[in-house]
Structure formats: structure tokens, C-alpha cells
Amino acid sequence: MKSKGLLSILTFSEKRKDILFLLEEKSCTLSDIKDYFNVSSPEISPRIKEMLENNLIEKTDKNYQITPVGRAIIHHFRPFLDIIETIENNETFWKEHYLCDIPQDLLNDLISLKECNVVSDSIENIYESHKVFVENILKSSVIKGVSSIFIPTYPDFVVNLAKREVPTSLILTEKVFEKVRDEHHEKLEIYLNAPHTELYVIDDVKLAFVVTDIFFSMSLFFNPDTYDPRDDLVGYDEAALKWGSDLFDHYVQKSRKVTSI
């Protein structure tokens with residue numbers, strides 16, 4: 001489809017888009033608009049004329065204001081810009097990783113991760129990010145997580161959470177669960193017998209994440225066979241925490257609960 005008309009007016013000019021957002025908030029004179037963008041009349045007037053001709057804005061006396069059609073377009077256009085910005089903020093992360101195990105409805109709501117950032121370390125400093133991860137966990141009062149990888153220090157760490165009676169819910173892949181059961185049987189029993197713990201097992205999933213009451217951290221695979229140990233997407237805002245919690249709930253529905261071994 002060729003871009004033309006309203007689509008080209010808003011997508012091919014950053015200034016026209018910004019003018020529409022400005023007039024969404026309040027009506028302005030030409031002087032107001034020029035001062036806001038710090039531009040001259042020859043720079044801004046052609047753009048205003050195009051927007052007038054396409055019924056995005058209108059002029060009453062000396063004031064320009066957004067039209068009802070302009071408001072309707074902004075209502076749908078802003079989420080589009082937000083999702084583009086969300087992806088571009090961490091473009092390499094989304095481009096290089098395997099996303100097929102994130103349900104489509106949550107990918108559709110990727111805007112919720114707009115404030116997240118990628119924490120990436122060189123292989124020599126990989127445990128620095130792990131240190132930050134542990135510090136955040138220790139400050140959390142509720143913990144939920146999915147693990148498709150086994151990290152040797154985690155059984156002791158999780159047992160410590162259980163002994164401290166921190167509400168903890170974990171989903172392990174079948175292979176990770178079998179390794180923990182076979183090599184850390186006693187620790188697994190301590191965890192299962194603690195008063196505020198839950199354990200679920202899922203056949204397989206190609207991601208790992210934790211969501212608590214204070215942060216969300218997710219790591220992904222480059223492809224179904226190769227895990228990325230260096231890059232974590234981390235967020236602390238309410239939208240990211242809800243997104244992570246919804247992802248956890250999605251996998252609980254696909255898992256079986258383990259109460260004893």
C-alpha cells in the first residue's frame with residue numbers, strides 16, 4: 001500500500017506529529033507554536049497549512065486547535081508510536097532473541113516494557129549482573145519466576161528464601177527439575193515443605209525470568225538451543241511488574257504443581 005494522505009502527513013514529518021500532540025493539549029496561536037518549537041514562520045507555516053487542509057487542525061480567530069478527527073487519529077496513533085519506541089529502545093535485544101515462547105497477547109502489550117532497559121555484561125563481568133539480580137531479590141517480599149536453566153548457586157539461594165518464609169513460586173522445566181531432584185534432593189524437600197512456597201514443572205520453555213514486588217528481569221535464548229547468559233531486560237515500574245506477573249500466570253496454566261517428591 002502506498003503511503004499517502006493522512007498517513008504520510010503524520011509519519012513523514014516529525015514536526016507535524018508534534019504540532020498535533022501540542023494542540024491536543026491546548027489551542028495555540030501561530031506565535032505560540034513558533035515559540036514552542038523555536039522555529040520561524042517559513043519553517044512551520046507549510047506544515048500547518050497541510051494539517052488544516054486535511055482536517056487535522058482548525059483555526060478559530062487567531063487560535064489553532066485540534067479537530068475531532070485529529071483527536072480520533074491521535075487516540076490510535078499514540079500507542080503505535082509507543083510500541084515503536086519500546087522496541088527501538090532495546091532494538092538489539094528484541095531482534096537477536098527467540099520470542100516464540102512469549103504469548104502473542106503479551107507481545108501485543110510490549111508497551112508495558114517501555115521503561116525497561118537491557119543490562120548487558122561482558123563475559124568477564126557476567127557475575128556483576130548476577131550480583132545486582134541477587135541484591136534485588138533480597139529486597140523483594142514476593143517472588144515468582146520461571147527457569148529453563150540451572151545455575152549451581154540457586155538451590156542454596158532458594159532454600160534460604162524458603163527458610164526466611166519469603167513467598168516464592170517457581171516454575172522449572174522438566175530437565176531442570178530432574179537435575180534439582182537428583183542432585184539437590186534434600187534442599188528440594190526443604191523448599192517444598194516451607195510454608196509459603198510453590199513449585200511447578202513445565203515440559204520446556206525457552207526463556208527465564210523473575211518478577212517480584214520491586215523488579216522484573218527476563219533473559220532469553222538466541223535460538224531454541226542457545227541461551228544468552230549476558231543480557232537481561234530489567235524493569236522496575238508497575239507496568240513491567242504486571243507484564244511479568246501475567247507472563248508467570250500464563251506458564252502456571254501450562255504447568256503441573258509439585259507438592260512432594
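All heavy atoms count here, side chains included; hydrogens, waters and symmetry mates do not.
- In this structure, the side chain of Asp101 does not engage the main chain of Val205 through any donor-acceptor pair within 3.5 Å.
- Residues Leu56 and Leu20 meet the side-chain proximity criterion, which asks for heavy atoms closer than 4.5 Å.
- Between Pro79 and Ile111 the shortest heavy-atom distance is O-CD1, 3.4 Å.
- Defined by atom type and a distance below 3.5 Å, a donor-acceptor pair is present between the side-chain atoms of Ser169 and Glu198.
- In this model, no donor atom of one side chain and acceptor atom of the other lie less than 3.5 Å apart for Asp32 and Tyr64.
- Hydrophobic clustering keeps Val166 apart from Val142 (ILVMFWY residues linked when any side-chain heavy atoms are closer than 4.5 Å, directly or through intermediates).
- The pair Arg256-Glu174 meets the salt-bridge criterion, since a charged nitrogen lies less than 4.0 angstrom from a carboxylate oxygen.
- Gly235 and Leu241 make their closest contact through O-CD2, 4.3 Å (heavy atoms, listed as atom of the first residue, atom of the second, distance).
- Closest approach of Leu52 to Glu58, counting heavy atoms only: CD2-CA, 3.6 Å.
- Salt bridge absent: Glu178 and Lys175 never bring a charged side-chain N and a carboxylate O closer than 4.0 Å.
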TODO: Determine, stepwise, if the pair Asp232 / Phe133 fulfils side chain to side chain contact (heavy atoms under 4.5 Å, CB included).
DONE: CA-CA 10 Å; Asp232 294 329; Phe133 176 85; 5.7 Å; no
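- The closest donor-acceptor contact from the side chain of Asp61 to the backbone of Asn63 lies at 3.5 Å or more, if one exists at all.
- Aromatic rings of Phe222 and His97 (six-membered ring for Trp) have centroids within the 6.0 Å cut-off, being under it.
- No close placement of the Phe80 and His76 rings is indicated, their centers lying 6.0 Å or farther apart.
- Checked for salt-bridge contact, Asp246 and Lys242 meet the test: a charged N lies under 4.0 Å from a carboxylate O.
- Between atom CD of residue Glu115 and atom CZ of residue Phe216 there is a gap of 14.0 Å, rounded to the nearest 0.5 Å.
- Looking at heavy atoms from C-beta onward, Asp228 lies out of side-chain contact with Ser219 at the 4.5 angstrom threshold.
- Counting all heavy atoms, side chain and backbone alike, Thr212 lies closest to Ser140 at OG1-OG, 2.8 Å.
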Open item on the list: Apply side chain to side chain contact (heavy atoms under 4.5 Å, CB included) to residues Phe77 and Lys17 and explain how you reach the verdict.
Closed with: CA-CA 10 Å; Phe77 191 48; Lys17 170 180 67 65; 3.7 Å; yes
TODO: Any chance you could lay out the side chain to side chain contact (heavy atoms under 4.5 Å, CB included) test for Leu170 and Ser147, step after step, and finish with the verdict?
DONE: CA-CA 8 Å; Leu170 299 176; Ser147 183; over 6 Å; no
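- Both Leu192 and Phe150 sit in one connected hydrophobic cluster of ILVMFWY residues. Membership requires side-chain heavy atoms under 4.5 Å apart, directly or through other members.
- With hydrogens and angles left out, the side-chain atoms of Ser120 and Asp231 include a donor and acceptor closer than 3.5 Å.
- Proximity of Ile137 to Phe215: side-chain heavy atoms (C-beta onward) are separated by under 4.5 Å at one or more points.
- Each of Asn89, Thr86, Asp237, Asp82 was scored for a side chain to side chain donor-acceptor pair (under 3.5 Å) with Lys114, with one residue passing: Asp82.
- For Glu53, the CD atom is densely surrounded, since the number of other residues' heavy atoms within 6.0 Å is greater than 12.
- Contact record, Ile48 with Ile33: CD1-CD1, 4.0 Å, taken as the closest heavy-atom pair.
- For the pair Val258 and Val201, the tightest heavy-atom approach, listed with the atom from each and the gap, is CG2-CG2, 3.5 Å.
- In this structure, Val210 and Ile143 have side chains that are in contact, with non-hydrogen atoms separated by less than 4.5 Å.
- Within a 6.0 Å radius of CG in Asn38, other residues, nucleotides and ligands contribute 12 heavy atoms or fewer.
- The closest donor-acceptor contact from the side chain of Thr29 to the backbone of Lys62 lies at 3.5 Å or more, if one exists at all.
- Both the sub-6.0 Å distance and the 45° axial angle are not jointly satisfied by Lys206 relative to the ring of Tyr98.
- There is no side-chain donor-acceptor pair under 3.5 Å between Asp249 and Gln253.
- When the side chains of ILVMFWY residues are joined at heavy-atom separations under 4.5 Å, either directly or via intervening members, Leu233 and Val146 end up in a single hydrophobic cluster.
- Residue-environment remark: CD (Gln104) exceeds the threshold of 12 foreign heavy atoms within 6.0 Å.
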TODO: Determine, step by step, whether Leu113 and Trp94 satisfy the side chain to side chain contact (heavy atoms under 4.5 Å, CB included) criterion, reporting the C-alpha distance in whole Å, the side-chain angles of both residues, the deciding distance to 0.1 Å, and the verdict.
DONE: CA-CA 12 Å; Leu113 304 184; Trp94 298 116; 3.9 Å; yes
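- Residues Tyr36 and Asp18 form no side-chain contact, since every pair of their non-hydrogen atoms from C-beta on lies 4.5 Å or further apart.
- Rounding to the nearest 0.5 Å gives a distance of 11.0 Å between CG of Leu22 and NZ of Lys15.
- In this structure, Ser148 and Phe221 have side chains that are in contact, with non-hydrogen atoms separated by less than 4.5 Å.
- Counting heavy atoms from C-beta outward, Asn136 and Ser217 have side chains that stay 4.5 Å or more apart.
- Atom CG of Asn90 and atom CD of Glu85 lie 10.5 Å apart (nearest 0.5 Å).
- When side chains are defined from C-beta on, Phe21 counts as touching Leu81, because their heavy atoms get closer than 4.5 Å.
- Of the inter-residue distances, the one linking Thr259 atom OG1 with Tyr200 atom OH reads 11.0 Å to the nearest 0.5 angstrom.
- For His184 and Tyr191, the ring centers are positioned 6.0 Å apart or more.
- Taking CG of Leu107 as the reference point, atom CD1 of Ile102 lies at 5.0 Å (rounded to 0.5 Å).
- Leu161 and Leu172 sit in two unconnected hydrophobic clusters of ILVMFWY residues. Membership requires side-chain heavy atoms under 4.5 Å apart, directly or through other members.
- Note that CG of Leu106 and OG of Ser112 are 8.5 Å apart. Values are rounded to the nearest 0.5 Å.
- Taking hydrophobic clusters as Ile, Leu, Val, Met, Phe, Trp and Tyr residues chained together by side-chain heavy-atom distances below 4.5 Å, Ile151 does not share a cluster with Phe177.
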